[in-house]
Amino acid sequence: MPHGLNPAQHAAVTTLSGPLLVLAGAGSGKTRVVTYRIAELIKNGTPPARILAVTFTNKAAAEMQQRAAALLGKGRKEKPEISTFHSLCVRILRRHARVLGYPPQFSIYDRGDQESVARASLREIKVADDQLRPGDLVNQISRWKMQSVRPEQAASLAHTDKEHLAAMAYRRYQKSLKQAGAVDFDDLLLCTEELFQHFADVRQAEAGRFAHLLVDEYQDTNGSQYRIVKALAGGHRNLCVVGDDDQSIYGWRGAEVSHILQFKQDWPEAKVVRLEENYRSTEAILTLANRLIKYNKNRHDKVLRPARGGGEKPRILQCQDEEAEAKQVIEDIRSRLTDGTCEPRDFAILFRTNEQPRAFESELRQAKLPYVLVGGMSFYDRKEVRDVLSYLKLLVSPSDEVALRRIINTPARGIGQRAVGALIDEAVSKSKPMWEILAHAGQLPTMPPAAAEAIARFRHMLEQFRQRLAVESIVEVVSGLISHLGFQDEIARTYKEPLEQQARWAAIEEVVNMLGAYQKRNKKPTLGGFLDDIALGDRNDEDDKENQLKRNAIALMTLHSAKGLEFPQVYLVGLEEGLLPHRRSVEIEGAAIDEERRLCYVGITRAQDRLTISLALSRLRWGKSKPTKPSRFLFEITGQAETARNQTPKPGAGAPPKRAKPPSTPHVGTRQPTRKPAAGPPTTPPRRPSRG
DNA sequence: TTAGTGACACTTTTT
DNA sequence: GTGTCACTAA
């Protein structure tokens, strides 16, 4: 038995053929089991390239790759294929895009691109922002796609006014995407599913590449993913899925826990292994976690058994406002660091929403502590980065309309609103991609002559660079393009602050650096490949690893990004009603709250040695301080839920009648940093830590 | 007609 | 803090 696995883990590692369901609780050594299993398969003669492991996030994939490589030794040429669902689908679709009517170099639209298309679609059908916001439309479309609802079917499923509008917009949206030769993230799955469904030969070819399939975080699979897994594993039936229904936190993306609960029905001969021993957290932390998750009704009743007894009792920090919260948390970390028992990388600050880290970041900067903000895609959301990337997208895929519209006049080159309007009108009426209209823009009656010339120059310029791509290296072409466009001057002109200029130009240079790194590590680098990696967040290059994982820094991330990770010292911040649980879930009630509870559970179970929970008594919203209510989860984990229920008046279906409050008293008088609040949970005194 | 400035509202979670 | 809209100067 390898390396001291317990009997359940051993069974999971050595059951090598046929379907296998591993119900793995938090901290039960799941990742270890999975990598050992891959090693075991190879030891038993399976060629590594015949093994496919699918994960949900890039982080999980990267970690699994790393662990597998460490276990198998470096010298191996052949590696098991370990990737996320989405990158797997991209690779499949790039091979077969034509049969679905897409160009092989199709663009992948991210959230920002999706919203652009959504905005344009809504404008076309004359829907105002206050009737249906582009962001909400994107969410609704995503929900439909997760349920494999086609644009034509959406109308019949719509109930509310908003849904009807969304159904109309969905048609336009999908038409625009198709015309732009682009797919969104949901399409990646949907198209793969469709491909397998309609083209049996393709399915067989793709499924036949692998003899073993492994799916991590199976509780998070949505309908499409579920069917793709079935299609891939249906032949050999060597399917191992690993998951935990208590950690299902992607219901809002169409994930269905039923997939993991019904596994035995789909694969009747399946073996089931339960990993219920928790090696990660101390007993004190697990007690809290178990107490919380019990409040969820629809779940497999199970209790994680702690392997590490005792432990420091989790503390609850109650702070005046978000600034005080950040200050106290950082001060706590700082004192831990100076006494020499911990390193920065031992700490994680976990939060619900992406607006929360701001206060913590500024405190960390002031304290001069190293930190990494994980996941906040901020770099790729920078205006200049998106601009540069749009040029690259347009070089690869001329039909990419979102990219074209973004940069047709950036930097300004005399193609104004009127000119663009004329192009769009022509494109719509001829239903041709806008790129094709550019060629004869001068002949359009409503086209201003000056703009027509600018368009001709613009088109010619891009054609030139596209041709250079065939003979020169991608870094050369892109550097040439950036200097030709005069981005540096443009930045100097538009931003006054020298520091800001530097930062913005540095971002553009960083894109070129990343391109260089990509070119270096790939045998046949292409611009399209680079863009795929970026779109999928699949940048597992050395640079990134060194910057992010190896660097000894405090980690800041959302609860969603924290899944699958562990840290000795965890700070779970912002436990307030409206934040965790989030107000959008509070409005829906029911299942949404259960998911928030699981989210909280995931946060708690990330902690190995020490857990600190914090909340602010007031929080800035729209620049004004507003009082907050402690999260219901706090009452639940401290065993005060019943008391709380009696104390909080329940004013029917979600009416916040607190309008009467004068907006003039934002400062709260008394300080009571670590004392029990009127209706709040108690602060628990620290106990002597005892290591397992 | 286009470029530049200022006011405005918007902020769940992710591939 | 950022993208969009409306307004003004060229």
Side-chain angles (χ1 to χ4, degrees), chain A residues 54-61 83-90 108-112 114-116 119 123 129-130 133-136 138-139 142 145-146 183-189 217 220-222 224-225 249-255 350-356 358 361-362 374-378 381-383 386 406 409-422 446-452 454 490 493-494 500 532 534-538 557-563 574 578-588 592 595-596 598-600 602-603 620-623:
Chain A
V54 186
T55 63
F56 218 76
T57 65
N58 291 299
K59 229 174 292 139
S83 70
T84 61
F85 261 110
H86 289 262
S87 28
L88 174 74
C89 289
V90 169
I108 301 167
Y109 277 5
D110 65 11
R111 179 76 196 201
Q114 285 180 274
E115 287 196 14
S116 301
R119 187 167 289 119
R123 214 175 332 215
D129 248 31
D130 52 342
R133 284 190 309 235
D136 292 338
V138 172
N139 287 340
S142 182
K145 285 190 178 180
M146 289 295 169
V183 297
D184 61 24
F185 285 117
D186 307 311
D187 286 338
L188 290 175
L189 302 173
E217 309 283 15
D220 285 331
T221 50
N222 62 39
S224 292
Q225 290 164 329
I249 55 175
Y250 284 98
W252 53 276
R253 283 185 70 237
L350 308 181
F351 38 82
R352 175 68 234 263
T353 72
N354 279 318
E355 57 170 353
Q356 283 170 270
R358 290 208 125 88
E361 277 192 282
S362 75
V374 180
M377 288 281 284
S378 50
D381 285 340
R382 308 266 275 275
K383 183 191 174 300
R386 286 193 84 91
R406 183 177 183 93
N409 199 33
T410 312
R413 55 170 67 86
I415 307 173
Q417 213 174 274
R418 185 76 187 241
V420 174
T446 53
M447 178 63 66
E490 169 76 4
R493 207 156 13 94
T494 36
E500 190 179 5
D532 277 359
I534 283 186
L536 297 165
D538 182 10
M557 65 183 98
T558 63
L559 288 164
H560 284 90
S561 333
K563 194 164 69 150
L579 215 46
L580 185 66
H582 194 271
R583 53 180 65 79
R584 299 278 275 250
S585 299
V586 175
E587 283 162 20
I588 311 167
E595 183 153 317
E596 298 282 327
R598 289 193 291 269
L599 210 42
C600 187
V602 165
L620 283 178
R621 243 172 105 58
W622 304 302

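Chain identifiers are assigned alphabetically (A, B, ...) following the order of the sequence lines, protein sequences preceding nucleic acid strands; residue numbering begins at 1 within each chain. Remember, predicted model here, so these are calculated numbers, not experimental data. Below, each value reflects all heavy atoms present in this structure, side chains not excepted, and no hydrogens, waters or symmetry copies.
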*Asks:* Side chain of A:Asn58, heavy atoms from C-beta onward: which of B:dT15, B:dC10, B:dT2 has the nearest atom to it?
*Replies:* B:dT15
*Asks:* Could you list where the contact with chain A starts and ends along DNA chain C, reading 5' to 3', using a 4.0 Å heavy-atom cut-off?
*Replies:* C:dG1 to C:dC5
*Asks:* Within the structure provided, determine whether A:His560 and A:Arg352 are in side-chain contact (heavy-atom separation under 4.5 Å).
*Replies:* yes
*Asks:* Base, sugar-phosphate, or nothing: which does A:Arg123 touch, judged by heavy atoms less than 4.0 Å apart?
*Replies:* sugar-phosphate
*Asks:* How about A:Arg583: does its CZ atom have over 12 heavy atoms from other parts shown lying under 6.0 Å from it?
*Replies:* yes
*Asks:* Judged by each residue's nearest nucleotide on DNA chain C, which is more toward the 5′ side, A:Arg358 or A:Gln417?
*Replies:* A:Arg358
*Asks:* Quickly work out the A:Gln114 CD to B:dT15 P distance and round it to whole Å.
*Replies:* 13 Å
*Asks:* Taking only N and O in the side chain of A:Asn409, is any of them less than 4.0 Å away from OP1 or OP2 of B:dT2?
*Replies:* no
*Asks:* I want to confirm an ordering. Mapping A:Ala419 and A:Glu595 to their closest nucleotides on DNA chain B, which one lands closer to the 5' end?
*Replies:* A:Ala419
*Asks:* Please work out if A:Phe85 contacts a base, only the sugar-phosphate, or nothing of the nucleic acid, heavy-atom cut-off 4.0 Å.
*Replies:* nothing
*Asks:* With nearest nucleotide decided by heavy atoms, which residue, A:Gly416 or A:Leu599, maps closer to the 5′ end of DNA chain B?
*Replies:* A:Gly416
*Asks:* Please confirm whether the shortest side-chain N or O distance from A:Ser561 to OP1 or OP2 of B:dT14 is below 4.0 Å.
*Replies:* yes
*Asks:* Please determine if a side-chain N or O atom of A:Thr558 lies less than 4.0 Å away from the OP1 or OP2 oxygen of B:dT14.
*Replies:* yes
*Asks:* Using only modelled atom types and a 3.5 angstrom limit, is any donor from either the side chain of A:Arg253 or the base of B:dT15 paired with an acceptor on the other?
*Replies:* yes
*Asks:* Check every strand shown and say whether A:Ala451 touches a base, only sugar-phosphate, or nothing at a heavy-atom separation below 4.0 Å.
*Replies:* sugar-phosphate
*Asks:* Are the aromatic ring centres of A:Trp252 and A:His582 under 6.0 angstrom apart?
*Replies:* no
*Asks:* May I ask you to say whether A:Arg598 pairs ionically with A:Glu595, meaning some side-chain N is under 4.0 Å from a carboxylate O?
*Replies:* yes
*Asks:* Counting heavy atoms from C-beta on, name the nucleotide in B:dT1, B:dT14, B:dT15 closest to the side chain of A:Thr84.
*Replies:* B:dT15
*Asks:* To the side chain of A:Phe185, which of B:dT12, B:dT14, B:dT15 is closest?
*Replies:* B:dT15
*Asks:* Stepwise, does the side chain to side chain contact (heavy atoms under 4.5 Å, CB included) test hold for A:Leu559 with A:Leu580?
*Replies:* CA-CA 10 Å; A:Leu559 288 164; A:Leu580 185 66; 4.0 Å; yes
*Asks:* With a non-hydrogen cut-off below 4.0 angstrom, is A:Arg133 in contact with a base, only sugar-phosphate, or nothing?
*Replies:* sugar-phosphate
*Asks:* Do the side chains of A:Lys59 and A:Val374 get nearer than 4.5 Å, heavy atoms only?
*Replies:* yes
*Asks:* Given pairs defined as Watson-Crick or G-U wobble with both distances under 3.5 Å, what dot-bracket annotation applies to DNA chain B, with ( ) intrastrand, [ ] crossing, | other strand and . unpaired?
*Replies:* |||||||||......
*Asks:* So, is A:Asn354 close to the B:dT14 phosphate, meaning a side-chain N or O under 4.0 Å from OP1 or OP2?
*Replies:* yes
*Asks:* Choose from B:dT12, B:dT11, B:dT14 the nucleotide whose nearest atom is closest to any side-chain atom of A:Arg352.
*Replies:* B:dT12
